[in-house]
Trainee: 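Structure incoming, see below.
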Protein chains: 2
Amino acid sequence: MTNVQNAKGEPDAVVPDLGPLESSLGYRLRRVQLRVFEDFARAFAEIGLRPTQFSVLVVIARNPGLRQSEVAHALGIQRTNFVPLVDSLESRGLLERRLSQQDRRSYALHLTEEGSAILTRALAAHQAHEERLAALLGPELRNRLLADLPKLDELLRREAGAANR
Amino acid sequence: MTNVQNAKGEPDAVVPDLGPLESSLGYRLRRVQLRVFEDFARAFAEIGLRPTQFSVLVVIARNPGLRQSEVAHALGIQRTNFVPLVDSLESRGLLERRLSQQDRRSYALHLTEEGSAILTRALAAHQAHEERLAALLGPELRNRLLADLPKLDELLRREAGAANR
DNA sequence: TATTGTTATACTCTATAACTATA
DNA sequence: TATAGTTATAGAGTATAACAATA
């Protein structure tokens, strides 16, 4: 355990020793991700979209007509769990399920006008959020993380793929 | 949209354009964290501990006698949500709540012998998991991430602290 | 037979409000 | 009055099994 002091020189709370968690990639990623999502939540409070909902709107806007399961797969969400997610966005009038002509089992997803309008505001909020982080981190640290994190993702994706064969 | 090919030269599924998510720190962190936790889950399947439970045992082992809320705070978990977590570990016989003498409102947390024994196995599994990641990433990328992620965490911690004052 | 979307279900995680017993 | 632990509760996120309609 370590005693630290705050800016005023008062003794701060005792900081417990985290042992192997300190150098654990998973632990570090979880803690940092939660912090970043807190900031995201603040930026998106007025808009009323959670990170996952935002990501769904983004993917549909940039790839209109994708099938439900394609969007789900692109975002790493199971088909099963994607249904209520799409339900919520559809009942808010932000997207439409259109019956596909080629394959009548599937729906093609499209944004409504309202969905596009909200997405415009959301994209601005997202950019402001990213710029806030960028100002905090500096370009060097930010760019390094944005280069390193996908590398880790890709390496693990191949590993997992190989393991599931 | 981009068409990619797999190793056999067969056309893989169409890869949707993720737009601003590609360079979103929050999105990147979330995806990578989930991948790393998948690997963690594989490593811990036989042991039967989830990441959070593991982290609780680690902190108690290295700081025996901490109060419940101190452990919760160290791990970024709310007191409220920490109760059932400690309940589950206590009912499995891995830790004990001991009534504090100085402050009879609080419990001091200690591992049982069985808790220590399981933690020994868990620490080995965790090390193997980290070493697997290290072998995949190489020392340079791994060390850079383990240096950069706490930096980001610390910068956001100060920001959030300032915002809540 | 396999796939798309769906329902039902269960467990974990997270968040808020309010209680109790101590301080 | 404030704090430590608790209860109750509700909303998300994630996971599996099984079904109908369609391919």
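So that the names make sense, note that chain A is the first sequence line, chain B the second, and so on, each numbered from 1.
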Trainee: When you measure from the side-chain N and O atoms of B:R67 to the phosphate of D:dT3, is any distance below 4.0 Å, counting only OP1 and OP2?
Mentor: no

Trainee: Starting from P on D:dA21, measure out to CG on A:L99 and report it in whole angstrom.
Mentor: 14 Å

Trainee: Distance check needed: C:dT12 P versus B:L49 CG, whole Å only.
Mentor: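 It is 13 Å, rounded to the nearest whole Å.
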
Trainee: Starting at CD of B:Q68 and ending at P of C:dT22, how long is that distance when rounded to a whole Å?
Mentor: 15 Å

Trainee: Please check if A:F37 and A:L75 belong to a single hydrophobic cluster, counting links between Ile, Leu, Val, Met, Phe, Trp and Tyr side chain heavy atoms closer than 4.5 Å.
Mentor: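 No; A:L75 is not reachable from A:F37 via cluster members.
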
Trainee: What's the spacing between A:L34 CG and A:L29 CG if we round to 0.5 Å?
Mentor: 11.0 Å

Trainee: Below the 4.0 Å mark, does D:dT3 have OP1 or OP2 next to a side-chain nitrogen or oxygen of B:S69?
Mentor: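 So the side-chain polar atoms of B:S69 never come under 4.0 Å of the phosphate oxygens OP1 or OP2 of D:dT3.
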
Trainee: Between P on D:dA15 and CD on A:Q78, what's the gap in Å once rounded to a whole number?
Mentor: 5 Å

Trainee: So, does A:T52 get its side chain near the phosphate of D:dG13, meaning an N or O under 4.0 Å from OP1 or OP2?
Mentor: yes

Trainee: Return the orientation label for the A:F54 and A:F40 ring planes: parallel under 30°, perpendicular over 60°, tilted otherwise.
Mentor: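 Aromatic pair A:F54/A:F40 classed tilted.
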
Trainee: Taking the nucleotide of DNA chain C with the nearest heavy atom to each, does A:P84 or B:Q101 sit closer to the 5' end?
Mentor: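 Residue closer to the 5' terminus by nearest nucleotide: A:P84.
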
Trainee: Give a yes/no answer on whether the side chain of B:R104 brings an N or O atom under 4.0 Å of OP1 or OP2 in C:dA23.
Mentor: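 B:R104 to C:dA23 OP1/OP2: side-chain N or O found under 4.0 Å.
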
Trainee: Using atom CZ of A:R79 as one end and atom P of D:dC19 as the other, report the distance to the nearest whole Å.
Mentor: 16 Å

Trainee: Can you check the B:R35 CZ to D:dT14 P distance for me, whole Å?
Mentor: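 Whole-Å distance recorded here is 13 Å.
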
Trainee: Using a heavy-atom cut-off of 4.0 Å across all strands, would you classify B:N81 as base, sugar-phosphate, or nothing?
Mentor: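 It contacts base atoms.
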
Trainee: Applying a 4.0 Å non-hydrogen cut-off, can you work out what A:F82 is touching in the nucleic acid: base, sugar-phosphate, or nothing?
Mentor: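 Nothing, no nucleic acid heavy atom in range.
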
Trainee: Starting from C1' on C:dA2, measure out to CZ on A:R105 and report it in whole angstrom.
Mentor: 8 Å

Trainee: Hey, does the side chain of A:R97 come within less than 4.0 Å of C:dT6's phosphate (OP1/OP2), counting only N and O?
Mentor: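 So the side chain of A:R97 is within the cut-off, an N or O lying under 4.0 Å from OP1 or OP2 of C:dT6.
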
Trainee: Send over the distance from B:L34 CG to C:dC13 C1', rounded to a whole Å.
Mentor: 13 Å

Trainee: With distance as the sole test, does A:T112 use its side chain to make a donor-acceptor pair with the main-chain N or O of A:L94 at under 3.5 Å?
Mentor: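 The answer is yes, because a donor-acceptor pair under 3.5 Å joins these two groups.
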
Trainee: Is A:Q102 near enough to D:dT22 that one of its side-chain N or O atoms lies under 4.0 angstrom from OP1 or OP2?
Mentor: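 Looking at the OP1 and OP2 atoms of D:dT22, neither is under 4.0 Å from any side-chain N or O of A:Q102.
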
Trainee: Checking contacts here: which listed nucleotide (C:dT4, D:dG5, C:dT7) is nearest the side-chain heavy atoms of A:S106?
Mentor: C:dT4

Trainee: My understanding is that only one of A:Q102, A:R97, A:R98 makes a side chain to side chain donor-acceptor pair (under 3.5 Å) with A:S100; could you say which?
Mentor: A:Q102

Trainee: At under 4.0 Å between heavy atoms, what does B:T80 touch on the DNA or RNA strands: base, sugar-phosphate, or nothing?
Mentor: base

